[in-house]
Undergrad: 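Submitted below is the structure of interest, expressed as structure tokens.
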Amino acid sequence: MLDNPSYIIDTFFTIFAMVLIIFMVPGFAMLEAGLVRTKNVTSVLTVNVMIYAVASMSFMLIGYEYAFGSWDHQESISKYAFFLFQMAFVGKIINIMSGGVSERSRIIPLALFTIAVGAFIYPTIVNITWGANFLDGTFLDISAMSDLAGSTVIHSTGGWALLAAIFIMGARKGKYAKNGAIKVIPASNIPLVTLGAFLLWIGWFGFNGGSVGAISSKENADAVALTIMNTNTGGLSGAIVAWALTYFRYKKFDITMILNGALGGLVAVTAGPDQFSMYVPILVGGMGGALVVLFVPLFDKLKLDDPVGALSVHLVNGIWGTLAVAIFVDSVSYWNQLKGILVVGAIVFPLSFVVIYVINKIFQLTADDEEQLVGIDEVECGMEAYPEFKRSI
Amino acid sequence: MLDNPSYIIDTFFTIFAMVLIIFMVPGFAMLEAGLVRTKNVTSVLTVNVMIYAVASMSFMLIGYEYAFGSWDHQESISKYAFFLFQMAFVGKIINIMSGGVSERSRIIPLALFTIAVGAFIYPTIVNITWGANFLDGTFLDISAMSDLAGSTVIHSTGGWALLAAIFIMGARKGKYAKNGAIKVIPASNIPLVTLGAFLLWIGWFGFNGGSVGAISSKENADAVALTIMNTNTGGLSGAIVAWALTYFRYKKFDITMILNGALGGLVAVTAGPDQFSMYVPILVGGMGGALVVLFVPLFDKLKLDDPVGALSVHLVNGIWGTLAVAIFVDSVSYWNQLKGILVVGAIVFPLSFVVIYVINKIFQLTADDEEQLVGIDEVECGMEAYPEFKRSI
Amino acid sequence: MLDNPSYIIDTFFTIFAMVLIIFMVPGFAMLEAGLVRTKNVTSVLTVNVMIYAVASMSFMLIGYEYAFGSWDHQESISKYAFFLFQMAFVGKIINIMSGGVSERSRIIPLALFTIAVGAFIYPTIVNITWGANFLDGTFLDISAMSDLAGSTVIHSTGGWALLAAIFIMGARKGKYAKNGAIKVIPASNIPLVTLGAFLLWIGWFGFNGGSVGAISSKENADAVALTIMNTNTGGLSGAIVAWALTYFRYKKFDITMILNGALGGLVAVTAGPDQFSMYVPILVGGMGGALVVLFVPLFDKLKLDDPVGALSVHLVNGIWGTLAVAIFVDSVSYWNQLKGILVVGAIVFPLSFVVIYVINKIFQLTADDEEQLVGIDEVECGMEAYPEFKRSI
Amino acid sequence: MKKIEAIIKPFKLEDVKDALIEVGIEGMTISEVKGYGRQQGHTELYRGAEYVVEFIPKVKIEIYVSTDEFAQKAIEVIKENALTGKIGDGKIFVSDISNVIRIRTGEEDEEAL
Amino acid sequence: MKKIEAIIKPFKLEDVKDALIEVGIEGMTISEVKGYGRQQGHTELYRGAEYVVEFIPKVKIEIYVSTDEFAQKAIEVIKENALTGKIGDGKIFVSDISNVIRIRTGEEDEEAL
Amino acid sequence: MKKIEAIIKPFKLEDVKDALIEVGIEGMTISEVKGYGRQQGHTELYRGAEYVVEFIPKVKIEIYVSTDEFAQKAIEVIKENALTGKIGDGKIFVSDISNVIRIRTGEEDEEAL
Ligand SMILES: Nc1ncnc2c1ncn2[C@@H]1O[C@H](COP(=O)(O)OP(=O)(O)O)[C@@H](O)[C@H]1O
Ligand SMILES: Nc1ncnc2c1ncn2[C@@H]1O[C@H](COP(=O)(O)OP(=O)(O)O)[C@@H](O)[C@H]1O
Ligand SMILES: Nc1ncnc2c1ncn2[C@@H]1O[C@H](COP(=O)(O)OP(=O)(O)O)[C@@H](O)[C@H]1O
């Protein structure tokens, strides 16, 4: 007989979930390295390593206690496992933001923003949603929002930060011609994009499944399994819809769009996968894929230059996914969902804007035109990603 | 004290196994993307994404109930986890087939065949082996075949479908010179091949280990551990034998052959890893590796053009592996194994042949010579896999 | 109610840990394939496949019983799971060594050394530390050394073997100019390096977490979670320190150094992650990162040519990590740690030296200048890694 | 001595090379180039935006021959074997060179070829 | 007939190409080359050792024109559009060729261009 | 003015470049090409089938010089430093050019080099 079987099993399960999420670190790294031009690959990878290291460390030293009040706020699983699981989330916010402004950002200023997010901005949002909740009892209390694994808490948060960054930093040099025409800047390595997207997909099983919080009862086991199934279905449906829409529209298959569609579906389904019945994610995720196909070219036209499609995947679908819970789950109120979306946006967007603005002014976050022309790799890293592969012009 | 501890633990274990299998999705994608020529890489990746999405969705909406009779056919673990585990298998069949006809197939017709397999062909085979068994009591009943994780049910099934496809579609343009001589078309990216093969290998632990079905008793725990150990040994032995044979024959090491040998060993050991004693997989997997080294050039000479070696890995070794259980496990009858192999072949091959034939006639599955010359990427995707890497002629 | 719940759960947990470690196989393969020049990529990958196959098989057939006395030396988990977990370690030793002498070694002689390590050298070290201990009671008994997951047993062992190999084999042709100046030989594929490093990082969770040996009590669950947290923190800190130091020194970010720093931190923290309190790994891992930044250029200047930085990562930090346990954990004695380090070094270095020396004499381990010039791929594999990517001079 | 440069479609290289060898021209140097001309580039699609890849991959063959006769032969052979009849088949350019040296032996002019 | 070879900075290619087309030069062949000259290469860092990448990526444009007038036009256009004013802008070389053949039609000389 | 083109073995490039600079030739343009000639290609193995890679990687160096004297120097230096004595060392071709322009300054002929 075991003492504390649920403590043991849930700790084990949380570690399992956390490990899956860590696969998202190389996942984001490969996705972004594949989507940018060869001359920026090394720096994008350096940024990804930096984010995991700096964001996690900031969260460990400062953010975690701020978010949850203390290291001992729960006793159902090992506190270290609980921390690890939460820590695994942090970097994602900055990944979303850094991906969207890649090919034009410098590394040190990005590290400063990473500290700000890991120690302060993200913990604030966790505090008022999943954590200690300093807004408890106030009008702004949004803890009633139903957001299992962070359509709003993670994805929109990252998306708002990115939107602020794009406003401040502008487009990549050469992205828009003098006459305003959009110049296409194709991805440099499609296998990496695909690999990255699938690693993210797998990480999502841990993200959402682990967010159920426990597996050690029949109900929880079912909830975890349903959550993972619904998560997966959201991704499948997002991919299929994006696939069909790009084909009907362009008579070609655009794999970067299809994968973004899958990720959009995954984001969309993230707020309520434990509450949706089995076929609902087909709608929620499918809409997620459709939104991506719609918004990627739209943002492009609006000159919100986002090389990896992060605005469409994370911000648009983070919002959609949070609302979708109200649509498809009776017990969830539209108002609570909407309030959650708005409060988070109203905190993260201006906060990020100010922080990024200041960082950009003082430490020059945006690489200048000349630097963008030669590529961030040469300027910041002094190292080419593929020095032996002859570059085609 | 937990209620239902075995329900909980086995649900958790099944989720764990399923996640490992999902690593085979990027596994197949990377393997195939590495084995084809640069001009077909994007389309091969697009096909891999499509297969996971479309096959899984078809299975969820139609195939699963057909295969197992209902969503509630078992109660030992969460029905969602059970579904997820089964769903993780489906795409593999089409991966086997699509890999073998890559560089010459168009995407939409392939998607149609994917639906056919996910909704109908594969569920038929599952039905009569692991599922509801509509052949129960008839002469054709093959449910007595011993096939733990699908040497026949998965791998031969995919292999037969591929054989049908190759008969219909013919070789890649340029594969055989006018005088009949074989032209070598080398793999374009060996690191991707290696990565893909190892992801498949790891996925196999979930495939075979999870197929034991439960871990929540001492016997089951031992069976799972033995199964994973034997699976691994089969792969090790396949690699070593392929390594030795290619070296003795050619005095060179051909890593694509060695990795195919490992995969061949893994396929071979898949039918009986829970029943083999510890050293048996050295023979079974080693023979698997040998068969690959033998059959890859043989199929090449027979003008069965299979760029990834799927016939040798999956069909030949699927058959060998199923027979091997009878050879090495006393309680297993040759006749049951043979009957299983034959019935599955007799169903899948003609069925696939007809379906592919019709699809090819109406929707033109096979890309024409001109399209193959410029590459499927340009024709179907309008996107190069590595646009900045100068192509060497 | 379950019989043997701890047997079941710990078997499951061990399988989980083992699977994570197997991700280190593609991890090492990608890391090394990215760090060497294009002309040696296929052979490096072939060597990685060979190592996993041959080392594991040697350990299964010979080494395991030698190390642990018998297959039935423990009963707390399935003996197959115990074996699998131990087997997952073996290849690492040779990976460390083969990585450090890559671009100049031939494959067959390397396979012979792999057999020696898998069947004999590594099992000897396991025997006297974690295993049957034939030195028990003698003055050389080092079983009191505190080394949870092998800072000494794994990493230093690999490092000593590598040092011996470098002494015997010398530097790569062209690494040092006639006037003694160091010639820089850059990595050929940075995304692969990054992917590989993260797969190793994730594998480390299994390596160290699994080494706790059990999760089926509250104390063990905490120990496992703490171990994984501390492991991760060591990596984070190693990366951050390496990042900061390279930046302060060179005003550039060198991602290969940062990743080596992370790995150095992971190695350093490997001896005591279950015993360190939560903030200690920041120091231990940070020092690990610093040692890498210091020693990589130092070894380069000493003409110990090590293309992947394995000496700094594994040998230097293996030693540092083992000592660190004595520094930060009161109950651990300096003398026991030091004695462990010295005895292992005194066994592995001379033993490896003799074995490699003999292999090199008889079977010519070191590729000659001409072979190094054209590249090991052409000579040994007859296969280019990227035949369609035009090579830049 | 003459230099012959031919820009051809990449997939015709093997035929051209084999034919050149057959008529006794056993040395050549090739490089991957990109051409712009009457042949239209193809359209690519990326994230909802279409664009035209204007430069088309071509192969350039450089052949140095000692006599006008060989030059004529080479031109004939290339014309014949690089032909598909579709736009973009490429061009052949001929010019004079004044000297050739074989590095290995130091031989000059005709002897060096 | 003249052959014009220009070595320019890669990011100027599009401007040059557009300008050439505007003046009626509708055929060209380009290749990626590396240049060594007055322009300094950049320093890279690898594992604690710095080194200079001496060869700088350039693009070579080859244009065959039928008349001196076209040659003059091409030179003007390239000079203007490849100019940044910084070291490394590149060079233009002009030489004679004796014959041109269009593979598709067999046309020769002026007609082939 | 003369154009010197040399096809050499890739690993000899650094020696040749250093030697050229030493004799005062400070500009050159290089490209990666593939050669066919007396030197045999190597055999590769793929999935049980062997085949010969016939084209061998070479580097082409292009140097424009203003005087015959410089041309002679360049040839000497290349001959010496590209030599291994084994088949495939490559060739040097010399031809005339009529004009050179430096884009940055507009300088022509000798001054442009
Ligand atoms: N004036 C020119 N100068 C240099 N190269 C040219 C010129 N005209 C054509 N070419 C080369 O020849 C190739 C084929 O020319 P194109 O006009 O497309 O078709 P065609 O060869 O049938 O006339 C082009 O892609 C380009 O590489
Ligand atoms: N003598 C030469 N022969 C061949 N190519 C040359 C020569 N001189 C310069 N080049 C080419 O021209 C490019 C630019 O030359 P460089 O001296 O750097 O600057 P600038 O063009 O401003 O004089 C070089 O990178 C090289 O490709
Ligand atoms: N007639 C030719 N025209 C153009 N290039 C040639 C010619 N002959 C040789 N080459 C180039 O010179 C290289 C070396 O020639 P090869 O005959 O192999 O040896 P060697 O230089 O020792 O005579 C070839 O790879 C090819 O690039």
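Naming: A, B, ... by sequence-line order, numbering from 1 per chain.
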Undergrad: Do C/M278 and A/F83 touch side chain to side chain, with heavy atoms closer than 4.5 Å?
TA: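 No, every pair of side-chain atoms sits at 4.5 Å or beyond.
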Undergrad: Can you find a pair of side-chain heavy atoms, one from A/M87 and one from C/M229, that are under 4.5 Å apart?
TA: no
Undergrad: Name the atoms and distances for all side-chain donor-acceptor pairs under 3.5 Å in residues 9-17 of chain C, with sequence neighbours left out.
TA:
| unit_1 | atom_1 | unit_2 | atom_2 | d |
| --- | --- | --- | --- | --- |
| C/D10 | OD1 | C/I215 | N | 2.8 |
| C/D10 | OD1 | C/S216 | N | 3.1 |
| C/D10 | OD1 | C/S216 | OG | 3.4 |
| C/D10 | OD2 | C/S216 | OG | 2.7 |
| C/T11 | OG1 | C/Y7 | O | 2.6 |
| C/T11 | OG1 | C/S78 | N | 3.1 |
| C/T14 | OG1 | C/D10 | O | 2.6 |

Undergrad: Is any side-chain heavy atom of A/Y80 less than 4.5 Å from a side-chain heavy atom of C/T227?
TA: no
Undergrad: Checking heavy atoms, do the side chain of A/L192, its backbone, both or neither come under 4.5 Å from chain C?
TA: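 Contact with chain C is through the side chain of A/L192 alone.
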Undergrad: Is it the backbone or the side chain of A/V49 that comes under 4.5 Å from a heavy atom of chain C, or both, or neither?
TA: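 Both backbone and side chain of A/V49 come within 4.5 Å of chain C.
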Undergrad: Is there side-chain contact between A/L84 and C/I228, with at least one heavy-atom pair below 4.5 Å?
TA: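 A/L84 vs C/I228: side chains touch.
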Undergrad: Can you give the donor-acceptor pairs under 3.5 Å from side chains of residues 256-269 of chain C to other protein atoms, not counting sequence neighbours?
TA:
| unit_1 | atom_1 | unit_2 | atom_2 | d |
| --- | --- | --- | --- | --- |
| C/T256 | OG1 | C/D254 | OD1 | 2.7 |
| C/T256 | OG1 | E/R47 | NH1 | 3.2 |
| C/N260 | OD1 | E/R47 | NH1 | 3.2 |
| C/N260 | OD1 | E/R47 | NH2 | 2.4 |

Undergrad: Determine whether C/I190 and A/D377 make a side-chain contact, defined as any pair of heavy atoms from C-beta on separated by less than 4.5 Å.
TA: no
Undergrad: Taking non-hydrogen atoms and a cut-off under 4.5 angstrom, which of residues 382-393 of chain A neighbour chain C?
TA: A/G382, A/M383, A/E384, A/A385, A/Y386, A/P387, A/E388, A/F389, A/K390
Undergrad: Go through the atoms of A/E378 and report whether side chain, backbone, both or neither lie under 4.5 Å from a heavy atom of chain C.
TA: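 Only the backbone of A/E378 comes within 4.5 Å of chain C.
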Undergrad: Of the listed residues (C/V224, C/L199, C/I282), which shares the most heavy-atom pairs with chain A below a 4.5 Å separation?
TA: C/I282
Undergrad: Which residues, numbered in order, of residues 50-59 of chain A come under 4.5 angstrom of chain C by heavy-atom distance?
TA: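 When heavy atoms of chain C are the reference, residues 50-59 of chain A contributes A/M50, A/Y52, A/A53, A/V54, A/S56, A/M57 within the under-4.5 Å range.
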Undergrad: Quick one, C/L2 and A/L2 - any side-chain contact, counting heavy atoms below 4.5 Å?
TA: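 The answer is no; the side chains never approach within 4.5 Å.
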Undergrad: Name the region of A/V379, side chain, backbone, both or neither, that has any atom closer than 4.5 Å to a heavy atom of chain C.
TA: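 Backbone only.
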Undergrad: Which atoms of A/I22 are under 4.5 Å from chain C, going by heavy atoms: the side chain, the backbone, both sets, or neither?
TA: both
